[in-house]
Structure formats: structure tokens, C-alpha cells
Amino acid sequence: MKQQTGPAKVRPISGFPEWLPSERIVEQHFLDVIRETFELHGYASIRTRAVEPIERLTSLGEDTDKEIYAVSRLAGGSDDSREPKLGLHFDLTVPFARYVLENSGKLTFPFRRYQIQPVWRGERPQEGRYREFLQCDIDIVDVGELAPHYEAELPLVIADAFSKLPIGPFRIQVNNRKIPEGFYLGIGLTDVTSVLRIVDKLDKIGPANVSELLQAAGATPEQAQKCLALAEISAPDESFVERVNALGVEHETLTEGLAELAAVIRVGAEQAPGLMVADLKVARGLDYYTGTVYETQLIGHESYGSICSGGRYDALASDGRTTYPGVGISIGLSRLLAKIMPSLSASRSTPSCVLVSLADETDRPQGMTVAAALRRRGIPCEVAPVAAKFGKQIKFAERRGIPFVWFPASADQNNDSVKDIRSGDQTVADASSWAPPAADLRPRVVT
RNA sequence: GUGGGUGUAGCUCAGCUGGUAGAGCGCCGCCUUGUGGUGGCGGAUGUCGCGGGUUCAAAACCCGUCACUCACCCCA
């Protein structure tokens, strides 16, 4: 047996990102804003377990199962074989659909909920693509029928949240699955999924390559041309309907999709001009979507992909007798932050606003009393780790970005005083009444 | 899963055709005998990813392996 000389070297695990304290402050700010906004719009919070029976996760599409992380006891023996095999959820919509079925008798419909949790996908990581990441999800489900106006509501909620965050300009692209589906069927292409998948690459590989791939998949040059013509349609208003009609393809599903998308875009144009764009190439990977689909890109970072996606699903939650159609959209918070974190920072790496200094270790009780008085009034603070030269204690605060150092009264100073170490200003202060400027109370996100 | 790139100090990296490790930043101490930031002086830190091979000699060359990373696939 080989002798272990020391602990194994610690290493990051690819695809499982972790933030430093100052970055986590930024993330928490985003979480606070998103949560407040969701609640402002009346969404109730739920949390679901991390695992679902693998069967439930895989019943939705062929592509998903290879991404699922299985969960089992390390020492699981034969007595475990009766339990369902478990997997970590890869999104929040599937667990939510299960939760609705399980609690349908206790929920009131239409039910609107938000859910902020990690999800797991066993993919090869890349920039902005992780194996564990945070999603912030809102969904609305109803019994039997779901009013179409909800499909316009969700992007407006997202826009409200994003407008309060330092992420720059963004655009929500909306499409309706029925449009490409009806269109492809209308021109005689029956493998809708494959065609969608190819057309989805348009931005990345260009029209010529898309055409080539389509023809390799069995389309005629004319069919490929039509697909491209449809995919290239994009409009901030209902004008896309005429442009589609001008292509001269007729199909019942297409007509339905056009009407539905037009309704969503109309509301968007009224309530939030410039936010939504009808973009007929948007496809969305997950195949449980049946109508409206959303993607969101940061303007100027289009090739980064979508940072917030979702859509309408009519058949995801069904117990055989009753169906609960829903519509949802999810912020890929980890992906969003990965892109913009380099341009952001926290004003300090700790919540502490004040460091209470100690002239001598015997003064610690006095320092703790000062700290308690500050905390009673909501001022985050901590007492110096050791009594040291004041210069060292100031440096301790400075390295963490703590803006104030408190000096308790001493033999040569009758009063407590507090120093703003950024300006150097020091004033006499009383722990029962002094307060920092509001802007300094909590760490801020700065751009 | 497939293909490319990279692994040297806490961080960013240098290290030529082999001669057993360096810089900047950061960190610590002192100048500064209880109020920091600038400046000066001094200091600590590496299984050179891991295992094997070639060689008198390997961070360097060869083989393997692992990790990270980029692209494909797919997606937030």
C-alpha cells in the first residue's frame, strides 16, 4: 500500500462553479431583486426536492436522459432495488408539473409560483454552461384551459426584474412552435424536430450551411429556401404575419400559431415597447413546449445564447383525467452572472459596515457591547479579531472594504469615536445613536 | 461521447538546443513605541498535475494518466 504523504490536492470540479464572497454578494443582490419582483407580481414561492424518479425525468424526451445525474446510496444493496431510481432534476418545470399533480387538491388555480433552485445537467461545460446552475423560474398553470394572456405576462415580469439589474440592454425573442411546425408540414417536411434543430443554428453557421444541412436531411432546395425565408422573419410588431403569409404556405397549425404569436406581440408592444420581438427562428430545445416559446439575449452578446428561456406546455402535467396546461420562463442566473460578473463588483467583501477596534484584549467586553448596540439598530458590524496596533486594525478593515472603524473610549480618550477610513474623517460618536450614511449600510453592487 | 489546447509560488506568467526554479502582483515583518493607505528595506512560499521511460543529468524529450479549458453535440 502506498504511503499517503498528505491530503489530496484540492481542485475545482469543472462545471460546478463557486463564487468568492464579494461575487456572492453580487449574486445575492440579483436573487433579492428577482425574488422581490416575482413577489410583486403575485407569484408564490415553492421549493421542490432535488430528486425525481428517473422515469419521470426521462419520459419527456430522448435527448435529456444522457444529461441526468443519477443518485443512489454508495452502499446501496439489493434492498434498495424496490425503490424508484432517482435522478437530479435538470430543470424546474418538470418537478413543478409533478408537484402540481401531487398537490392539485390543495392548490388554487390558476396557480402562479416562482422557484429559485439549482438544477443539474451532465454536459461538457463551457463558458456560461455548467453542470450545476441556478434557475429562477416562474410558471402559471390552470386546470383544463390556460388563458393565452399569461403568455404575454411572463416576459413582462422578466423585463421588470431585468430593468432593476445592471445587465445592460436585452431583448426577449418570442416564437410559437405551431408556426414552424405548421409551415414545415405545409411544404411537405414531416420531420419537424430535425428541421427545427438545423434552423436553430442559423445565427451560428449562416444560411448557406443551414440550407446544406437541410438538404442533407432530405429537403429539396426549394423547401430549404422556404425554411430559411421563414427563419429570417423577425419583427417588433404584428407585421410578421403578413410576411409569413406572403410565403404562400397554408396549414391550419400555422394559422393558429400566427394568431397566438400576434396576440403576445401586440400586448408586448403596448406594455413594454422595444422589449419583445417576434423571431421565427427561435426553437427551444426541450420538447415539451407546445406553443409560445421565449429566449432572451443580451444585446451585444447575441452569440452567448439565451440567458432566460421558456414556453407554453399543454400536456406536461396530466394525471390522465385532468390536464394542467402551463406557461413558464426561467432566468439562467448562473449563465447570466458568468457573463456580466467581470463588469461588476461589490463595494466590500463582507456585510460588516463597522469594525470595532480593541486597544487591549481586556477591552473585548466593552467592544462587544458597542457592537451589540450597533446591531440593535441594524448596523452590521464585527469586533476586531485581536487587539493590535490601530494601524493593523484599520488595515484589517481596509482589506475587506469595511468603511468604518470604531474606537471605544479609553484612558486618553473620554468618548467613543468612529473613523471613515476612506476619507480619514474621525468624529466623536455614540453607539446608541450613530448611523452610517444609508449608502454604506450594506454592500452595494457597483459597475 | 468526439476532437484541439493547457497544467511551474496565493494570482498572472517567464524559464532558449536538457545542467535539479524565477519575475510582477499579493502576503508577512521593520523603518513607523498604539490611527492604515504613499515610499524605503528585508522575508516566507513550490512533491514544476501524477506515474513511468530515455539520460551522468528532465520543469524541459518520450509514453501513459488525471485535471482544467475550448469546439462539436445539446442547452440556462
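Computed from a prediction, not measured in an experiment: that's the story for all the values here. Letters A, B, ... are given to chains in the order of the sequence lines, protein chains preceding strands, and every chain is numbered from 1.
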Have a look at [X] and say if it touches a base, only the backbone sugar-phosphate, or nothing, with a 4.0 Å heavy-atom cut-off.
X: A/Gln135; answer: sugar-phosphate
X: A/Gly424; answer: base
X: A/Ser330; answer: nothing
X: A/Phe407; answer: base
X: A/Ile13; answer: sugar-phosphate
X: A/Ile307; answer: sugar-phosphate

Dot-bracket for RNA chain B: what is it, with Watson-Crick or G-U pairs under 3.5 Å, [ ] where a pair crosses earlier ones, and | for a pair to another strand? (((((((..((((.....[..)))).(((((.......))))).....(((((..]....))))))))))))....

So for A/Arg129 and B/C74, does any side-chain atom that can act as donor or acceptor lie under 3.5 Å from a complementary atom in the base? yes

Once hydrogens and angles are ignored, does a donor-acceptor distance under 3.5 Å link the base of B/A76 to the side chain of A/Glu123?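 Yes.
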
Identify, with sequence neighbours excluded, every residue that meets salt bridge (Lys or Arg N to Asp or Glu O under 4.0 Å) alongside A/Glu36. none

Salt bridge (Lys or Arg N to Asp or Glu O under 4.0 Å) with A/Arg24: which residues, sequence neighbours excluded? A/Glu27

Name the closest nucleotide to the [X] side chain, picking from [options].
X: A/Ser14; options: B/C70, B/U69, B/C73; answer: B/U69
X: A/Phe133; options: B/A76, B/U35, B/C74; answer: B/A76
X: A/Glu398; options: B/A76, B/C74, B/G37; answer: B/G37

Roughly how far apart, to the nearest Å, are [N] and [M] at atom [atom1]?
N: B/U8; M: B/A14; atom1: C1'; result: 10 Å
N: B/U2; M: B/U65; atom1: P; result: 12 Å
N: B/G37; M: B/G26; atom1: C1'; result: 16 Å
N: B/C30; M: B/C48; atom1: C1'; result: 33 Å
N: B/G49; M: B/A59; atom1: P; result: 10 Å
N: B/G10; M: B/A44; atom1: C1'; result: 12 Å
N: B/G15; M: B/G53; atom1: P; result: 29 Å
N: B/U6; M: B/G43; atom1: P; result: 36 Å

Is there a side chain to side chain donor-acceptor pair (under 3.5 Å) between A/Thr253 and A/Glu181 once you walk through the steps? CA-CA 7 Å; A/Thr253 307; A/Glu181 189 180 321; 5.2 Å; no

Scan side-chain atoms only and decide if [X] and [Y] contain a donor-acceptor pair under the 3.5 Å cut-off.
X: A/Asn175; Y: A/Tyr289; value: no
X: A/Tyr150; Y: A/Arg312; value: no
X: A/Thr48; Y: A/Gln115; value: yes

On RNA chain B, nearest-nucleotide positions of A/Asp425 versus A/Ser306: which is more 5'?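 The residue closer to the strand's 5' end, by nearest nucleotide, is A/Asp425.
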
So which one's nearest nucleotide on RNA chain B is more toward 5', A/Lys201 or A/Gly391?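 The answer here is A/Gly391.
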
Are A/Asp440 and A/Arg422 ion-paired here, with the side-chain N under 4.0 Å from a carboxylate O?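 Counted as a salt bridge, because a side-chain N and a carboxylate O are separated by less than 4.0 Å.
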
Looking at A/Glu361 and A/Arg364, is any side-chain nitrogen of the basic one under 4.0 Å from a carboxylate oxygen of the acidic one?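 Salt bridge present between A/Arg364 and A/Glu361.
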
Can you check whether [X] has a side-chain N or O nearer than 4.0 Å to OP1 or OP2 of [N]?
X: A/Gln126; N: B/U69; value: no
X: A/Ser309; N: B/C75; value: no
X: A/Lys419; N: B/G36; value: no
X: A/Arg197; N: B/C74; value: yes

Closer than 3.5 angstrom, by distance alone: can the side chain of [X] be matched with the main-chain N or O of [Y] as a donor-acceptor pair?
X: A/Ser343; Y: A/Ile340; result: yes
X: A/Arg171; Y: A/Ile299; result: no
X: A/Gln223; Y: A/Thr220; result: yes
X: A/Arg112; Y: A/Ile138; result: no

Could you give all pairs that pass the ring pair (Phe, Tyr, Trp, His ring centres under 6.0 Å) test and reach residues 32-51 of chain A, with sequence neighbours left out?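 Those involving residues 32-51 of chain A are A/Phe38-A/Tyr114.
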
Establish, for the pair A/Arg35 and A/Phe30, whether the NZ or CZ atom is under 6.0 angstrom from the six-membered ring centre and no further than 45 degrees off its axis.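 Because its charged atom misses either the 6.0 Å distance or the 45° angle limit, A/Arg35 does not stack over A/Phe30.
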
Here the residues of residues 331-357 of chain A within 4.0 Å heavy-atom distance, strictly under, of RNA chain B are A/Gly332, A/Arg335

Name the pairs: protein N/O against N/O of nucleotides 27-34 of chain B, kept only if under 3.5 Å.
residue: B/C28; atom: OP1; partner: A/Arg399; partner atom: NH1; Å: 3.3
residue: B/G29; atom: OP1; partner: A/Lys392; partner atom: NZ; Å: 2.7
residue: B/U33; atom: OP2; partner: A/Lys389; partner atom: NZ; Å: 3.3
residue: B/G34; atom: O6; partner: A/Ala359; partner atom: O; Å: 2.7
residue: B/G34; atom: N1; partner: A/Ala359; partner atom: O; Å: 2.1
residue: B/G34; atom: N2; partner: A/Leu358; partner atom: O; Å: 3.1
residue: B/G34; atom: N2; partner: A/Ala359; partner atom: O; Å: 3.3
residue: B/G34; atom: N2; partner: A/Ala388; partner atom: O; Å: 3.0

